[in-house]
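The structure appears right after this line, and notes come after that.
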Amino acid sequence: MIGLQQLPFIDSHTGGEPTRVILAGGPNLGRGSAADKLAIFRGQHDDFRRAVITEPRGSDMLVGALLLEPADPSCIAGVLFFDNACCLGMCGHGMIGVVATLAHLGQIRPGEHRVETPVGIVTVTLNLDESVSVTNVPAYRKARAVTVAGPDGRRVTGDVAYGGNWFFLIDDHGQSLDRANVDALTAFTWQLRQAVNEGGFPEVDHVVLYGPGRAAGAHSRNFVLCPGRAYDRSPCGTGTSARLACLAADGTLEENARFVQESITGSTFRGRFRWVDKARGIIAPTITGHAYVTVQGTLLLDSHDPFHAGIP
Ligand code: PYC
């Protein structure tokens, strides 16, 4: 496209993790399902993803959310999520950001709504206290106690689970989950991601380390490595969904019991689950958190700007 493309957007953060909602002006992705639209977006519009998310307009930690007309008329919207590296199936903190953004615009009222994503329909509730609950797509554990070689040659064991994205989840890692240690945690989890991918789980693109909770009421604290090597400032909604599936499968968390997950920044999500298919270990997770709108504006993409699609 030649000229100046204008993209109205709203930024928010959910537990410290930013979401950029693109309200209009995105590419024509046809009239199919969100999964069909994702295939077109991924195949033909990667420059749009990079323009919106990467430098100089964005940053590595930003997650984008492109609002779409839903194909399913029971949904209020469709949405595609993407980050500095790729498209995401779902995004928990991002969905909370989308709902807070729609509420900020006066486009939704408190209550339950349905939103289409490429991996399925998600039910969201804008609560009266302005928190948002997301009942995610079904989550499950694919493999228990997968052992890979860690960076120091030490064997590391974790579970592989799905919660809208794919995760390798590790309790016994010997790392200190402190913000001052983020560089080391990033290097450690990046190497574990490569090891688990090579070990038969190429689908895993997020790695989570767990430790004891520190915030009031938190059951657990985590560090989450995202696909583009940034770490999640929030407790990660899809990661918490995958974690709930593992806890449910192990019988260490009861249906509907409250589980509070803390992030490396100290922000928290409340989680709970109900069984969808207990025999097969499939759950419906619900994650609750708060998002706050931070910026409203228009991105300008000048086709003459050598970095209009980001810095290559
Ligand atoms: O909250 O699901 C999430 C998420 C995925 C990547 C960053 N945040």
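Side chains are part of it too, since the values below use all heavy atoms of this structure and drop only hydrogens, waters and symmetry mates. As the structure is a prediction and not an experimental result, all values here were calculated from the model. In each ligand, atom 1 is the first atom listed, and ligand 1 is the first ligand listed.
Under a cutoff of 6.0 Å and an axis angle of 45°, Arg233 and Tyr231 form a cation-pi pair.
Between Phe273 and Trp275, the two ring planes are perpendicular [angle over 60°; tilted spans 30° to 60°]. Between His173 and Phe188, the two ring planes are perpendicular [angle over 60°; tilted spans 30° to 60°].
For residues 205-223, the set of pairs meeting the salt bridge (charged side-chain N to carboxylate O under 4.0 Å, His left out) definition, not counting sequence neighbours, comprises Asp178-Arg214, Arg221-Glu262.
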Below 3.5 Å only, please: the N or O atoms of ligand 1 paired with protein N or O atoms, distance on each line.
unit_1	atom_1	unit_2	atom_2	d
ligand 1	1 (O)	Gly92	N	3.3
ligand 1	1 (O)	His93	N	2.7
ligand 1	1 (O)	Gly237	N	2.7
ligand 1	2 (O)	Gly92	N	2.7
ligand 1	2 (O)	Gly237	N	3.4
ligand 1	2 (O)	Thr238	N	2.8
ligand 1	2 (O)	Thr238	OG1	2.7
ligand 1	8 (N)	His93	ND1	2.9
ligand 1	8 (N)	Asp232	OD2	2.8

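Atom CD of Glu69 has 12 or fewer heavy atoms from other residues, nucleotides or ligands within 6.0 Å.
Taking a cutoff of 4.0 Å between a charged side-chain nitrogen and a carboxylate oxygen, Asp172 and Arg155 do not qualify as a salt bridge.
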